[in-house]
Amino acid sequence: MSDPLEVLRRLEAVIASRKGADPASSHTAKLFAKGPSKCAQKFGEEAIEAVIAAAERDRAEMVTESADALYHLLVMLAAQDTPFDAVLAELERREGTSGVAEKAARLRTEVVEVSAPEEIAECIRIRLVVFVGEQGVSLADEQDGQDGICRHYLAYQDGKAVGAARMKPIEDAAGPAMKLQRIAVMPGARGTGAGKALVRAMMAAAGPGARVILDAQTSAIAFYEPLGFAAEGPEFLDAGIPHRRMAFGGGA
């Protein structure tokens, strides 16, 4: 097998040669003609396909989709006039540094309430990666038609959206409440405080004295407890995953 880096460098050179070419002459030239944003979108789509294949434990499909993602990564970089060597240099810079320590030192999370269609689409993209791609939730369960009545939030680090969540007003037997839902953090941003920042931002938006609840995956109960939530009632299944209702300041 050839040196993997040389394979990527040869591919990078071929991709660069397509810049400015007739869009009808190649798929790469067609992507360049559509602009950097379209190239980035295509990379995101291919990355999601790779995540879904991995979640489904389809090794052959995962390899194929990963190759597609690498190709589209190089196209995205080229569209932004960013050499692949810049990525390699960043990886080299991180050598010997704890990933947790490195992220904690450089990342600050900013949570923003969003409402524009493209921002809501970004929330949904993150949720699809985490819930559908990683956890195997069905698309029908994830896309429940309730987004229109919810308030949506994105967590940003270094200008990149790394987490999403929504908050829905509900009325149940105990009265009105704000329900925190679809709290999702991208794999690379876990352990950086993005999830906690999302929860705290929604708590602040709910307002003082508001009753705030959520249905936590049982495996995530320990994440929410330090934030002031307590489990209530029995375990139940939601989208095939064990959950428990949690309330801010509540008790089991």
Side-chain angles (χ1 to χ4, degrees), residues 48 50-58 62 99-100 103-104 109 111 122-147 149-155 157 161-206 210-252:
I48 289 174
V51 169
I52 292 172
E56 293 176 348
R57 299 180 182 271
D58 187 335
M62 180 179 65
V100 172
K103 283 184 178 180
T109 302
V111 177
E122 182 67 5
C123 291
I124 293 172
R125 182 190 70 82
I126 292 171
R127 285 158 36 187
L128 290 177
V129 170
V130 174
F131 298 125
V132 178
E134 288 190 280
Q135 299 183 0
V137 174
S138 73
L139 187 60
D141 281 333
E142 205 295 314
Q143 295 290 281
D144 62 357
Q146 299 295 301
D147 283 327
I149 61 172
C150 296
R151 297 168 67 176
H152 296 267
Y153 299 83
L154 280 172
Q157 292 177 344
V162 298
R166 73 183 194 187
M167 182 165 66
K168 183 173 75 172
I170 70 164
E171 184 87 24
D172 61 14
M178 297 301 289
K179 188 174 184 182
L180 313 189
Q181 297 181 314
R182 303 295 197 273
I183 301 168
V185 175
M186 295 293 280
R190 289 169 196 162
T192 65
K196 291 179 180 178
L198 280 165
V199 172
R200 287 173 177 143
M202 289 188 287
M203 292 290 296
R211 178 169 163 256
V212 181
I213 63 173
L214 58 87
D215 291 334
Q217 293 185 14
T218 303
S219 60
I221 286 176
F223 169 81
Y224 292 108
E225 286 176 332
L227 293 169
F229 287 83
E232 297 182 340
E235 185 176 273
F236 60 95
L237 291 179
D238 185 1
I241 300 173
H243 283 69
R244 283 191 74 187
R245 170 65 53 89
M246 299 190 80
F248 183 74

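Note that the coordinates shown come from a computational prediction; the quantities given were computed from them, not determined experimentally.
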* Asked: Has the side chain of Arg190 got a donor or acceptor atom that lies under 3.5 Å from a matching backbone atom of Val185?
  ->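 Yes; at least one donor-acceptor contact below 3.5 Å.
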
* **Check: Gly233 main-chain N/O paired with Arg244 side-chain donor or acceptor under 3.5 Å** =>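 Answer holds: yes.
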
Close side-chain approach of [X] to [Y], heavy-atom, < 4.5 Å:
X      : Y      : answer
Ser138 : Val132 : no
Met246 : Glu225 : yes
Val162 : Thr192 : no
Asp147 : Arg182 : no
Leu180 : Tyr224 : no
Asp172 : Arg211 : yes
Met186 : Arg125 : yes
Met202 : Met178 : no

* Identified side-chain contact (heavy atoms from CB on, under 4.5 Å) counterpart of Ile124 within the set His152, Gln143, Arg166 ->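 Single pass found, and it is Gln143.
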
* Asked: For the side-chain contact (heavy atoms from CB on, under 4.5 Å) test, which of Leu227, Val212, Val111 pairs with Val199?
  ->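 Exactly one candidate clears the test, Leu227.
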
* Asked: When you check the gap from the basic side-chain N to the acidic O, do Asp144 and Lys168 get nearer than 4.0 Å?
  ->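 The answer is no: the pair does not qualify as a salt bridge.
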
With rounding to the nearest 0.5 Å, note down the distance linking [atom1] in [X] to [atom2] in [Y].
X      : Y      : atom1 : atom2 : answer
Ile241 : Glu235 : CD1   : CD    : 11.5 Å
Ile52  : Leu139 : CD1   : CG    : 8.5 Å
Ile221 : His243 : CD1   : NE2   : 10.0 Å

Looking only at heavy atoms, what is the nearest atom pair of [X] and [Y], with distance?
X      : Y      : result
Gly163 : Leu198 : C-CD1, 3.9 Å
Phe248 : Phe229 : N-CD2, 3.4 Å
Ala161 : Leu154 : CB-CD2, 4.2 Å
Arg245 : Phe236 : N-CE2, 3.6 Å
Ala194 : Ala189 : CB-O, 4.3 Å
Ala239 : Val137 : CB-CG1, 3.9 Å

* Check Arg200, Gln157, Lys196 against Thr109 for a side-chain hydrogen bond (donor to acceptor under 3.5 Å, both in side chains) and give me the one that passes. =>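 Going through Arg200, Gln157, Lys196 one by one, the side-chain hydrogen bond (donor to acceptor under 3.5 Å, both in side chains) with Thr109 is satisfied by Gln157 alone.
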
* To do: State whether the number of non-hydrogen atoms from other residues, nucleotides or ligands found under 6.0 Å of Lys179 atom NZ is greater than 12.
  =>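 It does: Lys179 NZ has more than 12 such atoms within range.
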
* Side-chain donor-acceptor pair under 3.5 Å between Gln135 and Gln217, yes or no? ->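 Note: Gln135 and Gln217 side chains meet the donor-acceptor criterion.
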
